[in-house]
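Numbering of ligands and ligand atoms starts at 1, following listing order. No hydrogens, no waters, no symmetry mates; every other heavy atom, side chains included, goes into these values.
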Amino acid sequence: MSKISLAVDLAGFHLRNPTMNAAGVLGMSPPLLKRVYDAGAGAVVTKSIGPVPRTGHPNPTLVQLSGGALNAMGLPNPGVDYFVDEIAKLKELGVPTVASFFGGSVQEFAEVAYKLTKAGADALELNASCPNVAEELGMLAADAGSVEKVTAAVKDETRLPVFVKLSPNVTNVKTVAKAAEWGGADAITAVNTLLGMAIDVNFRRPVLTNVTGGLSGPAVKPVALRCVWEVSQAVEIPVIGCGGVTTWEDAVEYLLAGASAVEIGTAVMTRGVEVYGEVVRGLERYMTKNGFSRVEEVVGLAHEAGRHTESRVDKCNIRV
Ligand SMILES: Cc1cc2nc3c(=O)[nH]c(=O)nc-3n(C[C@H](O)[C@H](O)[C@H](O)COP(=O)(O)O)c2cc1C
């Protein structure tokens with residue numbers, strides 16, 4: 001019998017293994033999210049839910065590129081009042097559920113968090129980082145002060161663990177992470193999509209109706225990994241890595257960089273829901289081969305190696 005435990009605990013939210021789907025990529029249908037769970041994910045994350053129904057941007061809203069995907073969905077969702085029933089269905093199906101949510105003001109964030117808590121979600125992910133909704137609060141994660149305020153208001157309305165999802169489209173992700181922690185965040189999800197665009201050479205115009213969109217998939221992994229590295233040095237709370245995880249090696253990189261769990265999104269477009277089980281089995285093999293019995297033993301290990309390298313550079317008096 002294997003002595004390895006893949007279970008992780010994120011501020012009281014128990015996962016049987018450190019993988020989840022990334023919000024929004026697969027929408028919010030309970031049967032589909034149940035498939036993600038049955039395929040091996042440790043828990044599921046819903047699409048971001050807002051205070052009122054929202055149609056999102058007109059098509060085209062998604063384009064596949066060589067290194068991933070570019071999307072500007074505009075947060076289409078049926079609104080939190082409809083969504084309470086969907087949470088109940090996920091709970092009936094026995095699926096541990098993180099409800100992702102957003103608002104247009106501090107008050108709206110707090111109200112949606114309250115309703116999702118009452119609906120029975122197991123944890124909340126506060127989406128502070130959608131790059132495609134400029135008409136509201138702007139991109140919340142661009143302003144550390146607002147992130148602290150919104151997080152604190154949400155924490156006043158819920159007893160659930162709150163993960164604050166940050167953006168890579170900022171100068172200093174550590175400052176924003178620290179602000180979320182000061183606001184009472186229980187974990188940081190790092191990160192949402194990277195702002196980008198694509199142009200159709202035949203039509204000679206931007207491919208997305210919204211012009212710009214969020215880049216996801218393998219192309220963003222080095223950026224997201226760097227964010228996890230920096231955030232995990234800045235805060236005491238757990239970090240959830242997100243961005244371009246496609247293989248178990250990617251997941252292990254995130255753990256080594258300081259993530260306690262990972263979210264996998266765009267990879268389902270090419271690998272299907274089987275990607276969750278494949279990553280989990282690969283992680284288990286890696287742990288067996290390297291003598292780890294718990295996931296926590298892997299978390300942040302590359303920082304120790306990093307310190308080593310720095311001191312060697314100093315010793316050799318190398319200028320970089
Ligand atoms: C089609 C699509 C829809 C998304 N919708 C959401 C969303 O509703 N809420 C959110 O926080 N992130 C959303 N994201 C961002 C993902 O959750 C994730 O942060 C990003 O795609 C990076 O991870 P990945 O490379 O594994 O996809 C969306 C991404 C895509 C591609």
Side-chain angles (χ1 to χ4, degrees), residues 19-29 32-33 36 41 44-50 54-57 59-65 67-80 83 86 98-103 109 112 116 123-133 136 139-141 162-169 173 187-196 198 208 210 212-225 227-228 239-247 250-251 253-254 259 261-271 273 275-276 279:
T19 67
M20 291 173 269
N21 62 302
V25 180
L26 282 171
M28 57 179 70
S29 126
L32 190 51
L33 292 176
V36 167
V44 303
V45 185
T46 69
K47 178 159 186 59
S48 295
I49 318 299
R54 204 183 142 99
T55 49
H57 296 311
N59 282 326
T61 51
L62 179 84
V63 54
Q64 285 208 257
L65 306 172
L70 189 68
N71 91 86
M73 310 300 285
L75 294 174
N77 79 95
V80 67
F83 197 71
E86 305 294 274
V98 181
S100 169
F101 73 105
F102 69 96
F109 267 101
V112 179
L116 291 171
L124 301 179
E125 187 171 80
L126 189 168
N127 181 1
S129 46
C130 182
N132 307 316
V133 285
E136 295 183 353
M139 196 203 44
L140 182 63
V162 175
F163 313 152
V164 176
K165 185 169 179 183
L166 300 186
S167 171
N169 306 311
V173 71
I188 302 290
T189 305
V191 278
N192 210 309
T193 51
L194 198 60
L195 200 54
L208 297 175
N210 191 52
T212 59
L215 183 65
S216 59
V220 306
K221 199 193 88 188
V223 176
L225 192 67
C227 290
V228 165
V239 180
I240 301 160
C242 180
V245 177
T246 310
T247 64
D250 296 329
E253 271 191 78
Y254 272 100
V262 293
E263 292 180 352
I264 304 169
T266 301
V268 291
M269 296 182 194
T270 50
R271 308 276 291 255
V273 292
V275 69
Y276 298 99
V279 167

Take Phe163 and Ile240, measure what side chain to side chain contact (heavy atoms under 4.5 Å, CB included) needs, and give me the verdict at the end. CA-CA 8 Å; Phe163 313 152; Ile240 301 160; 3.6 Å; yes

Apply side chain to side chain contact (heavy atoms under 4.5 Å, CB included) to Ser100 and Lys165, showing your working. CA-CA 9 Å; Ser100 169; Lys165 185 169 179 183; over 6 Å; no

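Near Gly24, the atoms of ligand 1 lying under 4.0 angstrom from a non-hydrogen atom of the residue are 3 (C), 4 (C), 5 (N), 6 (C), 7 (C), 8 (O). Taking a cut-off of under 4.0 Å to the non-hydrogen atoms of Val191, the atoms of ligand 1 that pass are 19 (O). Close contacts of ligand 1 with Gly244, meaning ligand atoms under 4.0 Å from a residue heavy atom, involve 24 (P), 25 (O), 26 (O). Every atom of ligand 1 is numbered from 1 in the order shown, and the set under 4.0 Å from a heavy atom of Leu75 is 8 (O). Every atom of ligand 1 with a heavy atom of Gly243 under 4.0 Å away is listed here by number and element: 22 (C), 23 (O), 25 (O).
Counting all heavy atoms, side chain and backbone alike, Phe102 lies closest to Arg54 at CZ-CD, 3.9 Å. Nearest heavy-atom pair across Asn169 and Thr193 is ND2-O, 3.1 Å.
Only the side chain of Asn127 comes within 4.0 Å of ligand 1, judged by heavy-atom distances.
Residue Leu126 forms a side chain to side chain contact (heavy atoms under 4.5 Å, CB included) with just one option from Val112, Thr189, Leu140, and that option is Leu140.
At distances below 3.5 Å, not a single donor-acceptor pair connects side-chain atoms of Asn210 with backbone N or O atoms of Ala72.
Applying the side chain to side chain donor-acceptor pair (under 3.5 Å) criterion to Asn21, with sequence neighbours excluded, gives no partner residue. In this structure Thr246 satisfies the side chain to side chain donor-acceptor pair (under 3.5 Å) test with no other residue, sequence neighbours excluded.
Closest to atom 20 (C) of ligand 1 among all protein heavy atoms lies Thr193 CG2, 3.7 Å. With respect to atom 21 (O) of ligand 1, the closest heavy atom belonging to the protein is Ser216 CB, 3.2 Å. Of all protein heavy atoms, the one closest to atom 15 (C) of ligand 1 is Asn192 OD1, 3.4 Å. Atom 9 (N) of ligand 1 has Ser48 OG, 2.7 Å as its closest protein atom, hydrogens excluded (heavy atom only). Taking atom 27 (O) of ligand 1 as the reference point, the nearest protein heavy-atom neighbour is Thr266 OG1, 2.6 Å. Atom 30 (C) of ligand 1 has its closest protein heavy atom at Asn71 ND2, 3.2 Å.
For atom 18 (C) of ligand 1, the candidate residues are Gly265, Cys242, Ala267; the nearest heavy-atom contact is made by Cys242. The heavy atom nearest to atom 17 (O) of ligand 1, considering only Ala23, Gly213, Gly74, is found in Ala23. In this structure, of Lys165, Met73, Lys47, Met269, the residue bringing a heavy atom nearest to atom 19 (O) of ligand 1 is Lys165.
Here Met269 contributes atom CE and Leu26 contributes atom CG; the two are 8.0 Å apart, rounded to the nearest 0.5 Å. Distance check: Asn77 CG to Glu86 CD gives 11.5 Å after rounding to the nearest 0.5 Å.
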